[in-house]
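Since the structure comes first, as structure tokens, the remarks are kept for the end.
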Amino acid sequence: MDPHGHLLDPAVGEIVVSEAQLQARIGELGKQITDDYQDRAPLLVGVLKGAFMFMADLARHIALPVEFDFMAVSSYGSATKSSGVVRIVKDLDLDLSGRHVLLVEDIIDSGLTLEYLRKNLLARHPASVDVCALLLREGLQKRDPNLRYVGFRIPPDFVIGYGLDVAERYRNLPYIASYQGDGDP
Ligand code: IMP
Ligand code: MG
């Protein structure tokens, strides 16, 4: 067992961002968002499934009347390489026109999923769209992903935990760890 009582799994590698680091940084992000959105309550749009845990913790630190919506997307291509061709698996319930949208993402890798999502959301005539990403994998984006809020910049290793999965596992780990499993995640 690890200190949280999770069964030791050899695929769970080094801790990249600890639970304490996550919670401290998410508190800071929430405070920053609270300051920035004083006069325009944000609509938080979470990208399922990876962002669910981050969104829940982040929202607890935003001292404003926020609203929530979610969308689920799946990227065509292999499990590890995003093609940039994204399919909406679950669309938003709410109308975005005139809303201040804050898109909440788990990790920006190539940035292609985000590029698609931003265009898609902007086409719905919101008042603004900004992005809050928990993790930014450094050096992999061809274009500037233009992120207003970033939790942590991380090295290239594939990571799991705190919403992030391999084949739907490990999302419940309260920290981010590198993935040491066999083969391609
Ligand atoms: P992008 O389009 O290449 O930026 O891919 C972003 C998406 O790929 C994220 O929203 C995740 O769902 C997934 N992803 C990218 N890197 C990782 C990782 O290290 N662990 C788990 N999922 C990842
Ligand atoms: Mg995702």
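Atoms within a ligand are numbered from 1 in the order they appear, just like the ligands themselves. What you are looking at is a predicted structure, and each value in this text was computed from that prediction instead of being measured.
The only option from Asp106, Leu164, Ile108, Val150 that meets the side-chain contact (heavy atoms from CB on, under 4.5 Å) definition with Leu135 turns out to be Leu164.
At least one heavy atom of Gly111 sits closer than 4.0 Å to an atom of ligand 1. Residue contact check for ligand 1: Gln141 places no non-hydrogen atom closer than 4.0 Å to it.
Among the atoms of Arg137, some N or O lies under 3.5 angstrom from an N or O of ligand 1. Polar contact check, Val159 against ligand 1: a nitrogen or oxygen pair lies under 3.5 Å apart. In terms of polar-atom proximity, defined here as any N/O pair under 3.5 Å, Asp106 does make such a contact with ligand 1. Inclusion of Leu114 in the set of residues having an N or O under 3.5 Å from an N or O of ligand 1 is not warranted.
For Ala72, the side chain to side chain contact (heavy atoms under 4.5 Å, CB included) test picks out Leu48, Val89, Lys90, with sequence neighbours left out. Checked against side chain to side chain contact (heavy atoms under 4.5 Å, CB included), Arg169 has the following partners two or more places apart in sequence or in another chain: Asp9.
For the 3.5 Å distance criterion, the side chains of His100 and Ser128 qualify, holding a donor opposite an acceptor.
The atoms of ligand 1 that sit less than 4.0 Å from any heavy atom of Leu164 are 21 (C), 22 (N). Near Asp165, meaning under 4.0 Å from one of its heavy atoms, ligand 1 places the atoms 21 (C).
Between Glu115 and Arg118, none of the side-chain N atoms (NZ, or NE/NH1/NH2) sits under 4.0 Å from a carboxylate O, so this pair counts as no salt bridge. Asp91 has a carboxylate O that lies under 4.0 Å from a charged side-chain N of Arg124, or vice versa, which qualifies the two as a salt bridge.
Between Tyr179, Phe158, Tyr116, Tyr170, it is Phe158 that holds the heavy atom closest to atom 21 (C) of ligand 1.
Few gaps surround CZ on Arg40; more than 12 heavy atoms of other groups in view lie less than 6.0 Å from it.
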